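Below, each value reflects all heavy atoms present in this structure, side chains not excepted, and no hydrogens, waters or symmetry copies. Numbering of ligands and ligand atoms starts at 1, following listing order. Values in this document were obtained by computation on a predicted structure and should not be read as measured data.
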Amino acid sequence: MKITVLIGSHRRKKNTQDLVDAFLENLKEGNEIEYVNLLDKKVEICLACDYCRQHYDECIIKDDREAIMNSFKESDLIVIATPLYFNSVTSRMKIFIDRTQVLYNGWYHFKDPIFKEKKNVVILANGGSPTYPNQFQGVDVECQHFLGNINANVIEDLRYNNTDRNPIKENEKAQRELREAAIRVKELLSK
Ligand SMILES: Cc1cc2nc3c(=O)[nH]c(=O)nc-3n(C[C@H](O)[C@H](O)[C@H](O)COP(=O)(O)O)c2cc1C
C-alpha cells in the first residue's frame, strides 16, 4: 500500500511531525510512505488565470503541484497533517489547496473527475490553545471543500489542542490514540 503524507507545518520536527510519526508507527511496516513536506516543495500561489478551465488536468504554473498530485493519484491512503493557524489550515497548506482548482475544474466544468475512485484520507490537526468554541472550524470548512476535489473518503479525523502547553511528544494519550487509529486504518484497508 502507498501512503502519501502531506505536511503543512511551518516548523520542522514539531507537533505536526510528531502527530504524523505517532500515527505512522503502526503503518510503516510493509507500506511505501512518501512524505510531502510543503516546506521542501515549490508550490506557487494560484494565479486565478482560468487556464485549468480551458485545459483539462493542466496548470499553467510548472512547479511541484503536479508531482504531489501524481503521488496522491498513486496512493491508497493520503494523510493531511496541519497545525491550526487562525482556526484554519496554515497558509502553506492553503496555497496548495487553492492549486487543486485544476481538480475542481475537472469535475465541475469538464464533468470528468480527475480522481475517479474514492481516496481514503486521514486528517491530523493540532492547535496550540486550549479548547475554545469553533477552534477547528476553518479546518472543517477548508477540508470539506478541498477534499471533494480528490473524491475523499475521510476514515479518521484526529484533532488535538493545547499543544503549546502539552506538546504531542509528551502527550501519551494522544500518541496512543494515534497508534490505535492507525490500527483501525490498517484493518479497514486490508479488507
Ligand atoms: C500564525 C499562527 C497562528 C496560530 N493560530 C492558532 C489558532 O487560531 N488556534 C490555536 O489553537 N492555535 C494557533 N496557533 C498555534 C499552533 O496551532 C500550534 O503551535 C501548533 O502546535 C503548531 O504546530 P507545529 O508544532 O507543527 O508548528 C497558531 C500559531 C501560529 C504561528
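We find that Asp63 and Lys42 are not joined by a salt bridge, their nearest charged nitrogen and carboxylate oxygen being 4.0 Å or further apart. Using a 4.0 Å cut-off between a side-chain N of Lys or Arg and a carboxylate O of Asp or Glu, Glu180 and Arg184 do not qualify as a salt bridge.
Around CD1 of Ile45, the count of heavy atoms belonging to other residues, nucleotides or ligands within 6.0 Å does not exceed 12.
Ring geometry for Tyr104 against Trp107 counts as perpendicular: the plane angle is over 60°, on a 0 to 90° scale with 30° as the lower cut.
Ile68 is not connected to Leu39 by any chain of hydrophobic side-chain contacts under 4.5 Å among Ile, Leu, Val, Met, Phe, Trp and Tyr, and they are in different clusters.
The immediate protein surroundings of ligand 1, defined as residues with any heavy atom under 4.0 Å of it, consist of Ser9, Arg11, Lys14, Asn15, Thr16, Pro83, Leu84, Tyr85, Phe86, Asn87, Asn126, Gly127, Gly128, Ser129, Tyr132, Gln135, Thr163, Asp164.
Under a 4.5 Å side-chain heavy-atom cut-off, the cluster of Ile, Leu, Val, Met, Phe, Trp and Tyr residues that includes Met1 is completed by Ile3, Val5, Ile7, Leu19, Val20, Phe23, Leu24, Leu27, Ile33, Tyr35, Leu77, Val79, Val122, Leu124, Ile155, Leu158, Tyr160, Ile168, Leu178, Val185, Leu188, Leu189.
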